[in-house]
Trainee: 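Questions regarding the structure given below will be posed in turn.
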Amino acid sequence: MYTLPKMKYSYDYFEPYFDTLTMKIHHTKHHQNYVNNLNNALLNTKISKSSLKHLLQNLHKISKDKLNVIRNNAGGHFNHTFFWKILKKNCKLSGELKKQIIKTFGNVDNFKKCFENKAIEHFGSGWIWLVKNDNNLSIINTNNQDNPIMSKEITGVFGNPIIALDLWEHSYYLKYKNNRLDYVKSFWKLLNWEKANCIYLKY
Ligand code: MN
């Protein structure tokens, strides 16, 4: 059975960028629901529960009647678990990731601008990612709870996630209302660049 991971910080830690109530609902209601729905969907099936990553990378083997519910909820569980891990205050971008961002986007400000533009362009619910493929960085969007580690035949994209930001309205609407751009800009104050650099070095 999958379980809701503990949040490393209290819900008010993320103030004033992500508000306390949003963080609490996001973790205890939204994320918990993905975990519950995933466990329910896997009940009485022979689908391997060995790892979430393995499950996401083998969606093509899942029967049609179970595919959508597992895709959405395993995706939701993975994406939120990843997202919580890369949130921390007062972090600075440095190291190899900084070098590669500058090489790819010219400078860090331009990278942020590209990321913000792509986040605004995305229609409806989904996620925005910085991914690494071989040695290349790119910014991609996925719909709903899809992510870049699901196979390319399922989502049309592939990459190893370095950074993720939730673009569902449930992640910002209480504080930012329809203003997605301000929410994305606030993310820069909460991004754990040190963790992102560690993840970058792993792939
Ligand atoms: Mn969410």
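Just so you know, these numbers come straight off a predicted model, no measurement behind them. Counting starts at 1 for both ligands and their atoms, following the listed order. Quick note: residue numbers are just sequence positions, from 1.
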Trainee: Would Lys53 count as a cation-pi partner of Phe78, with NZ or CZ less than 6.0 Å from the six-membered ring centre and within 45° of the ring normal?
Mentor: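 No, Lys53 and Phe78 do not form such a contact.
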Trainee: Quick check: does any side chain N or O of Asn133 sit under 3.5 Å from a backbone N or O of Phe158, one acting as donor and the other as acceptor?
Mentor: yes
Trainee: Would you say Gln145 and Asn79 are linked by a side-chain donor-acceptor pair, where the criterion is simply a distance under 3.5 Å?
Mentor: yes
Trainee: What's the verdict on side chain to side chain donor-acceptor pair (under 3.5 Å) for Tyr173 and Thr22, showing C-alpha distance, side-chain angles and the deciding distance?
Mentor: CA-CA 8 Å; Tyr173 205 84; Thr22 296; over 6 Å; no
Trainee: Looking only at heavy atoms, which two atoms of Phe82 and Pro161 are closest? And how far apart?
Mentor: CZ-O, 3.5 Å
Trainee: Under 2.8 Å from the Mn ion (ligand 1), how many protein N/O/S atoms can be counted?
Mentor: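 There are 4 of them.
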Trainee: Any side-chain to backbone donor/acceptor pair from Ser171 onto Trp168? Under 3.5 Å, distance only.
Mentor: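 Yes, Ser171 side chain to Trp168 backbone: donor-acceptor pair under 3.5 Å.
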